[in-house]
Asks: 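Just dropping this structure here.
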Amino acid sequence: MSTPIRRRRPWATRSCRDCLGWGWLDRPRCKACWGFVAKATGDHCEICDRDVAAQDGVCRLCRRQASLIAGPDNKTRVDLTVAAHSGHQLFIIGTLRPRGGLPPQPQNTADRSPDRRLHSVRSRWRQLPLFEMARDLRGVSSLAPLLDPELAAVLEAHAARIAELRGWPPRTLGSVRRGIRILCTVHVIGEPIRASTIAQLTHNAIPSNHVLEVFEDLDLLLDDRPDSTSGSRSRATAHSAGFLGPGPRSSPSSD
């Protein structure tokens with residue numbers, strides 16, 4: 001009796017069945033997902049609602065997305081449910097760095113010339129923004145890495161001083177600090193923060209008025225709120241015009 005020959009799938013560029021990562025594969029899953037399947041405790045992910053291998057109800061793709069949002073400095077405070085709000089960032093298999101980063105490369109100082117200097121090349125053009133889109137803070141986590149940590153430290157310290165003067169409860173101060181971290185997560189250094197963006201913090205159960213007070217006290221707010229006096233003036237004018245009625249019409253003259 002002849003033994004059956006195991007036919008393997010040909011190598012091809014395809015996506016992994018579980019993590020959806022793209023790579024050069026010969027099997028339905030990548031190597032990392034095969035190891036994850038061996039330690040899985042279930043076959044359904046409660047975050048993305050897919051029938052895949054999961055540990056404690058969370059699949060490898062949702063765990064990878066949570067680690068990406070948390071950043072390299074917050075590995076002990078990973079929010080595994082963030083993928084349900086932010087979606088998934090697909091990746092290429094084999095390009096993810098380990099937690100410790102790449103090992104340090106030895107520097108050969110003997111081959112380095114002391115007279116060699118690095119000169120920055122000036123760009124020939126600069127892409128101007130066509131329009132400014134409104135920020136959407138509903139899917140932003142306060143545990144994400146900050147784009148402007150110095151501004152966040154100044155704002156949190158000033159919020160603590162205002163809380164002491166105004167008598168804010170600790171829960172309110174904690175919510176204000178969380179809102180400050182969310183704003184410093186989506187704004188780069190030097191980018192103005194608008195009042196309309198801060199007003200979106202109410203969707204995250206954060207008192208936006210208290211956050212506005214902190215920014216206004218430091219004169220760091222770009223106030224784009226509509227003028228309430230102009231709106232009331234226009235409404236009063238429309239009401240007066242409706243009360244007085246249309247003006248007299250001139251009758252056509254007959255010659």
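Just so you know, these numbers come straight off a predicted model, no measurement behind them.
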Asks: Please tabulate, for side-chain N and O atoms in residues 155-162, each donor-acceptor pair with protein atoms closer than 3.5 Å (sequence neighbours left out).
Replies:
residue: H158; atom: ND1; partner: R161; partner atom: NH2; Å: 3.3
residue: H158; atom: NE2; partner: D217; partner atom: OD2; Å: 2.6

Asks: Calculate, to the nearest 0.5 Å, the distance between atoms SG and NZ belonging to C33 and K31 respectively.
Replies: 13.0 Å
Asks: Does a side-chain heavy-atom distance below 4.5 Å link L221 with L212?
Replies: yes
Asks: Evaluate the side-chain proximity of V188 to D148: yes if any heavy-atom separation is below 4.5 Å, no if none is.
Replies: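 Result no, sub-4.5 Å side-chain heavy-atom pair not found.
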Asks: So, the side chain of W34 versus the backbone of R29: is there a donor-acceptor pair under 3.5 Å, distance only?
Replies: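 Indeed, once roles are kept as given, a pair shorter than 3.5 Å links the two residues.
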Asks: Does W22 belong to the same Ile/Leu/Val/Met/Phe/Trp/Tyr cluster as I93, with side-chain heavy atoms less than 4.5 Å apart forming each link?
Replies: no
Asks: Check whether any side-chain N or O of Q65 sits under 3.5 Å from a backbone N or O of V82 as a donor-acceptor pair, and report yes or no.
Replies: no
Asks: Do L137 and T197 have side-chain heavy atoms sitting under 4.5 Å apart?
Replies: yes
Asks: Are any non-hydrogen side-chain atoms of P207 and N209 less than 4.5 angstrom apart?
Replies: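 No; the side chains remain at least 4.5 Å from each other.
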Asks: Against I193, only a single residue in V186, L222, I198 fulfils side-chain contact (heavy atoms from CB on, under 4.5 Å); can you say which?
Replies: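 With I193 as partner, V186, L222, I198 yield a single side-chain contact (heavy atoms from CB on, under 4.5 Å), made by I198.
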Asks: How about D56 and L80: do any of their side-chain heavy atoms sit closer than 4.5 Å?
Replies: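 Of all side-chain heavy-atom pairs linking L80 with D56, none is under 4.5 Å.
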Asks: Side chains of R166 and E213: does their closest heavy-atom pair fall under 4.5 Å?
Replies: yes
Asks: Could you check if a side-chain atom of C19 sits within less than 4.5 angstrom of a side-chain atom of R64, using non-hydrogen atoms only?
Replies: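 Result no, sub-4.5 Å side-chain heavy-atom pair not found.
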Asks: Check whether any side-chain N or O of D224 sits under 3.5 Å from a backbone N or O of A195 as a donor-acceptor pair, and report yes or no.
Replies: yes
Asks: Do the side chains of D18 and R60 get close enough for a salt bridge, i.e. N-O under 4.0 angstrom?
Replies: no
Asks: So among D51, V52, L61, which one has a side-chain contact (heavy atoms from CB on, under 4.5 Å) with C45?
Replies: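 One option only clears the test, and that one is V52.
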Asks: Check whether R14 reaches the backbone of L25 with its side chain - one donor and one acceptor, N or O, closer than 3.5 Å.
Replies: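 Side chain of R14 to backbone of L25, a donor-acceptor pair under 3.5 Å: yes, one is there.
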Asks: Could you pull out all donor-acceptor pairs under 3.5 Å where a side-chain atom in residues 169-185 meets a protein atom, sequence neighbours excluded?
Replies:
residue: S175; atom: OG; partner: R171; partner atom: O; Å: 3.1
residue: R178; atom: NH2; partner: N204; partner atom: O; Å: 3.1
residue: T185; atom: OG1; partner: R181; partner atom: O; Å: 2.5

Asks: Taking only residues two or more places apart in sequence, or in another chain, which ones meet D49 in a side-chain hydrogen bond (donor to acceptor under 3.5 Å, both in side chains)?
Replies: H44
